[in-house]
Amino acid sequence: MVSVTSHSVEETILLGERLGRLLEPGSFIALTGELGAGKTQFVRGVATGLGIASSVPVTSPTFTLLNEYLGRIRLYHFDLYRLGGVDDAAELGFDEYFHGDGVCLVEWAERLGSDTPSERLDIIFDYLSDTERRIDFIPHGSNHEALLKKCFDRRLDSCY
């Protein structure tokens, strides 16, 4: 596990951008944290790192559940906040995306229950203050362990 303290929205976005540059097809990123903790800001950074045009608005798909963006790798951005539970997620057939050739970033991923892929990177956002967040990166599986090592192989501030 790696923990980082982000001191601003801009740092959270830059951290996402750094990770986005390193993502490969098939990556699954499970984002958890309270409302307003920085998950969508982080996704904006990942989108930039994946080469998605800055003119494309990256917004949380709270009502549509899924936004798709085209960059060097296709980005599937899920927001499962409105789902009632595990059964709702299973009925929607999202697992087809989870094992495809794009990158999946899933806000409120805990609502997937046992449908969460075993090979993934969990990122947990915790409030420290109005502007600061602790962001914990927990890899599951060798691919995501290697991804995390690439991102943090130098001093932590080099990820920004």
Side-chain angles (χ1 to χ4, degrees), residues 3-113 115-117 120-138 140 144 147-148 151 159-160:
S3 290
V4 175
T5 299
S6 173
H7 302 282
S8 66
V9 169
E10 293 77 19
E11 282 187 9
T12 300
I13 291 170
L14 288 172
L15 185 58
E17 183 177 347
R18 171 70 175 138
L19 185 67
R21 287 191 200 117
L22 301 171
L23 289 173
E24 298 178 2
S27 294
F28 184 96
I29 314 298
L31 305 170
T32 59
E34 296 178 44
L35 285 170
K39 297 180 297 293
T40 302
Q41 297 297 339
F42 185 84
V43 173
R44 286 186 178 119
V46 169
T48 299
L50 287 172
I52 294 166
S54 60
S55 60
V56 175
V58 176
T59 59
S60 186
T62 303
F63 296 101
T64 60
L65 301 178
L66 169 63
N67 286 341
E68 185 176 335
Y69 304 98
L70 186 57
R72 71 174 171 80
I73 302 168
R74 197 171 296 273
L75 169 61
Y76 301 108
H77 177 200
F78 294 85
D79 184 330
L80 305 182
Y81 180 75
R82 293 181 56 233
L83 293 187
V86 176
D87 293 338
D88 287 353
E91 287 178 22
L92 293 169
F94 288 152
D95 59 331
E96 294 175 26
Y97 293 95
F98 299 166
H99 305 288
D101 57 359
V103 170
C104 291
L105 275 85
V106 182
E107 296 187 42
W108 304 95
E110 65 273 16
R111 297 188 182 203
L112 291 172
D115 288 340
T116 305
R120 67 183 187 278
L121 176 61
D122 292 341
I123 304 178
I124 303 167
F125 295 79
D126 284 314
Y127 282 94
L128 297 179
S129 72
D130 287 344
T131 58
E132 292 183 321
R133 304 292 187 266
R134 187 182 76 226
I135 304 172
D136 295 328
F137 296 80
I138 305 167
H140 300 273
H144 289 90
L147 172 68
L148 198 58
C151 185
C159 269
Y160 304 122

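Fair warning: this is a prediction, and the values are worked out from it, not measured in the lab. Along the sequence shown, the residues carry numbers beginning at 1.
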With heavy-atom distances below 4.5 Å as the criterion, would you say the side chains of [X] and [Y] are in contact?
X: Tyr69; Y: Leu50; value: no
X: Leu19; Y: Leu121; value: yes
X: Ile29; Y: Leu23; value: yes
X: Phe98; Y: Leu112; value: yes
X: Leu15; Y: Phe137; value: yes

Gap between atom [atom2] of [Y] and atom [atom1] of [X] - 0.5 Å precision:
X: Glu10; Y: Gln41; atom1: CD; atom2: CD; result: 8.5 Å
X: His144; Y: Arg120; atom1: NE2; atom2: CZ; result: 9.5 Å
X: Ile52; Y: Glu68; atom1: CD1; atom2: CD; result: 10.0 Å
X: Thr48; Y: Ile13; atom1: OG1; atom2: CD1; result: 7.5 Å
X: Lys39; Y: Thr12; atom1: NZ; atom2: OG1; result: 11.5 Å
X: Leu105; Y: Tyr76; atom1: CG; atom2: OH; result: 13.0 Å

Parallel, tilted or perpendicular for Trp108 and Tyr81, by the 30°/60° rule?
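It falls in the tilted class, 30° to 60°.
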Using every non-hydrogen atom in the two residues, find where [X] and [Y] come nearest and quote the distance to one decimal.
X: Thr59; Y: Arg44; result: CA-NH2, 4.2 Å
X: Ser129; Y: Arg133; result: O-NH1, 2.8 Å
X: Ser60; Y: Asn67; result: C-ND2, 4.2 Å
X: Phe78; Y: Cys104; result: CE1-SG, 4.0 Å
X: Arg18; Y: Cys151; result: CG-SG, 3.7 Å
X: Thr116; Y: Ala109; result: OG1-O, 3.7 Å

Looking at [X] and [Y], would you say the former's side chain and the latter's main chain have a donor-acceptor pair under 3.5 Å?
X: Glu11; Y: His7; result: yes
X: Arg74; Y: Gly102; result: no
X: Tyr127; Y: Gly36; result: yes

Taking atom types as modelled, is there a side-chain donor on Glu107 or Thr40 under 3.5 Å from an acceptor on the other?
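A donor-acceptor contact under 3.5 Å links the two side chains.
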Which residues pass the salt bridge (Lys or Arg N to Asp or Glu O under 4.0 Å) test with Arg72, not counting sequence neighbours?
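Residues passing salt bridge (Lys or Arg N to Asp or Glu O under 4.0 Å) with Arg72: none at all.
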Quick one: side-chain hydrogen bond (donor to acceptor under 3.5 Å, both in side chains) pairs with a partner in residues 26-37, sequence neighbours left out?
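Non-adjacent pairs meeting side-chain hydrogen bond (donor to acceptor under 3.5 Å, both in side chains): zero.
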Applying the side-chain contact (heavy atoms from CB on, under 4.5 Å) criterion to Asp136, which one of Ile123, Val4, Asp126 satisfies it?
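Per the side-chain contact (heavy atoms from CB on, under 4.5 Å) rule, the option paired with Asp136 is Asp126, out of Ile123, Val4, Asp126.
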